[in-house]
Amino acid sequence: MRVILVGPPGSGKGTQAKQVSDRFAIPHISTGDILREAVRNKTALGLQAEPIMAAGGLVPDDLMIGIIRERLNQEDATAGFLLDGFPRTVVQAEKLDAILEGNEGSDLSVVVLLVPDALIVNRITLRRSCGACGSVYHLENLPPSMEGVCDKCGAPLVARPDDNEEAVVKRLGAYHAQTAPVVEYYRAKGKLKEVDGNAAVDVVFERVMRSLGV
Ligand code: AP5
């Protein structure tokens with residue numbers, strides 16, 4: 001099972017990706033998570049990516065393609081994977097095709113989560129994430145049982161540095177300008193599944209499963 005989850009910022013990619021990867025026992029590969037870890041560890045990649053991410057822009061294609069090529073070469077990705085946040089440009093999509101070429105890439109499914117722009121700022125500015133285990137909450141829709149504390153591991157919940165309104169507007173702009181053409185790229189290849197992401201998390205998960213034929 002090879003799945004790509006696409007959608008605007010805050011559309012629920014990370015939330016759904018965790019459940020889908022658990023269901024299929026495939027690794028959840030999030031380029032946002034990989035970059036945030038690099039930022040935390042102050043690696044060369046992290047130092048380059050940090051200001052770009054904070055401003056809501058996209059990290060250069062060549063860096064992202066190198067990261068994905070390396071990650072998909074790891075053994076746990078040979079039987080399948082779920083990509084969350086990649087590809088984000090048509091150049092990335094074309095390079096991914098080249099990476100997967102000759103690698104039985106025909107079972108690739110691309111699921112786009114459709115959520116109106118009007119809901120995005122609320123979803124993102126009220127998001128809180130666990131810095132330890134990565135669990136994601138929303139202060140209104142999916143609140144933790146105890147304020148500011150992760151239900152799963154008890155670590156403190158934090159807001160991401162790029163989750164302010166100004167950066168979200170830029171991220172949405174980048175999505176429409178650079179990632180929406182990726183959706184059309186996969187539509188033209190007959191790989192696209194469109195899922196209405198404007199519903200409760202469990203309902204969206206059922207829709208994603210149905211779109212994947214499960
Ligand atoms: P990334 O981490 O990929 O961010 P994003 O695409 O902007 O998406 P988010 O993580 O913000 O949202 P999501 O769709 O995962 O939603 P979530 O499930 O958390 O990338 C960050 C940055 O890294 C980019 O801006 C860029 O700079 C860089 N980058 C990453 N990949 C790159 C690439 N390939 N190329 C170049 N640069 C790259 O949900 C959001 C909130 O809504 C949560 O609070 C959640 O609880 C809530 N929620 C989820 N589902 C529902 C629902 N059904 N109903 C109600 N609330 C819901």
Side-chain angles (χ1 to χ4, degrees), residues 4-21 28-39 45-46 48-69 71 82-93 95-96 111-117 119-130 134-144 150-151 157-180 182 195-208:
I4 295 175
L5 265 184
V6 189
S11 56
K13 299 183 295 297
T15 302
Q16 296 300 326
K18 283 186 179 55
Q19 297 195 40
V20 175
S21 63
H28 168 199
I29 301 174
S30 157
T31 43
D33 286 348
I34 292 170
L35 290 170
R36 280 183 287 277
E37 193 184 346
V39 170
L45 169 68
Q48 187 171 349
E50 187 172 21
I52 300 172
M53 294 170 76
L58 291 185
V59 174
D61 285 336
D62 53 344
L63 280 179
M64 299 313 303
I65 291 157
I67 289 170
I68 283 296
R69 182 180 284 116
R71 183 62 187 87
L82 185 152
L83 289 179
D84 161 10
F86 187 98
R88 248 178 164 92
T89 64
V90 171
V91 170
Q92 292 181 15
K95 292 289 183 192
L96 179 64
V111 179
V112 58
L113 295 176
L114 304 170
V115 175
D117 283 5
L119 294 182
I120 295 296
V121 172
N122 168 288
R123 280 209 186 176
I124 290 210
T125 53
L126 297 185
R127 168 171 50 195
R128 296 294 179 272
S129 314
C130 175
S135 296
V136 176
Y137 299 85
H138 185 277
L139 294 182
E140 288 170 356
N141 304 332
L142 286 169
C150 179
D151 288 351
L157 300 179
V158 292
R160 272 170 39 180
D162 58 343
D163 278 356
N164 58 77
E165 197 167 336
E166 195 187 341
V168 174
V169 169
K170 289 205 182 125
R171 285 157 62 195
L172 256 181
Y175 178 78
H176 289 300
Q178 289 166 278
T179 310
V182 172
V195 169
D196 179 357
N198 184 14
V201 170
D202 290 352
V203 174
V204 177
F205 178 63
E206 277 166 29
R207 291 174 182 170
V208 171

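Start at 1 and go down the list; that is how both ligands and their atoms are numbered.
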Considering E50, R36, R127, M64, which one's heavy-atom position lies nearest to atom 9 (P) of ligand 1? R127

Tell me which part of V59 gets within contact of ligand 1: side chain, backbone, both or neither, using heavy atoms under 4.0 Å. both

Report yes or no: does a heavy atom of G57 sit under 4.0 Å from some atom of ligand 1? yes

In terms of residue, atom name and distance, what is the protein heavy atom nearest to atom 6 (O) of ligand 1? R88 NH2, 2.5 Å

Location of contacts on R123 toward ligand 1, heavy atoms closer than 4.0 Å: both

Is the contact between M53 and ligand 1 made by the side chain, the backbone, both, or neither, using heavy atoms and a 4.0 Å cut-off? both

Close approach, G7 and ligand 1, non-hydrogen under 4.0 angstrom: no

Contact between ligand 1 and R160 is defined here as a heavy atom of the residue under 4.0 Å from a ligand atom; is it met? yes

In this structure, does ligand 1 have an atom that sits under 4.0 Å from one of the heavy atoms of Q16? no

Starting from atom 28 (C) of ligand 1, locate the nearest protein heavy atom and write down its residue, its atom name and how far away it is, to 0.1 Å. L35 CD1, 3.5 Å

Is the shortest distance from a heavy atom of P8 to ligand 1 less than 4.0 Å? yes

Protein heavy-atom partner closest to atom 31 (N) of ligand 1 - residue, atom, separation in Å: T31 OG1, 2.8 Å

Please work out, at 4.0 Å between heavy atoms, whether the side chain, the backbone, both, or neither of Y175 comes within that distance of ligand 1. neither

Of the protein's non-hydrogen atoms, which lies at the shortest distance from atom 12 (O) of ligand 1, and what is that distance? G10 N, 2.9 Å

For ligand 1, the portion of I124 having any non-hydrogen atom under 4.0 Å away: side chain

Side chain, backbone, both or neither: which part of A199 comes within less than 4.0 Å of ligand 1 when only heavy atoms are counted? backbone

Closest protein heavy atom (residue, atom, distance) for atom 55 (C) of ligand 1: N141 ND2, 3.1 Å

Check L58 against ligand 1 and report side chain, backbone, both or neither, counting heavy atoms closer than 4.0 Å. both

Please state which part of A200 comes within less than 4.0 Å of ligand 1, counting heavy atoms only: side chain, backbone, both or neither. backbone

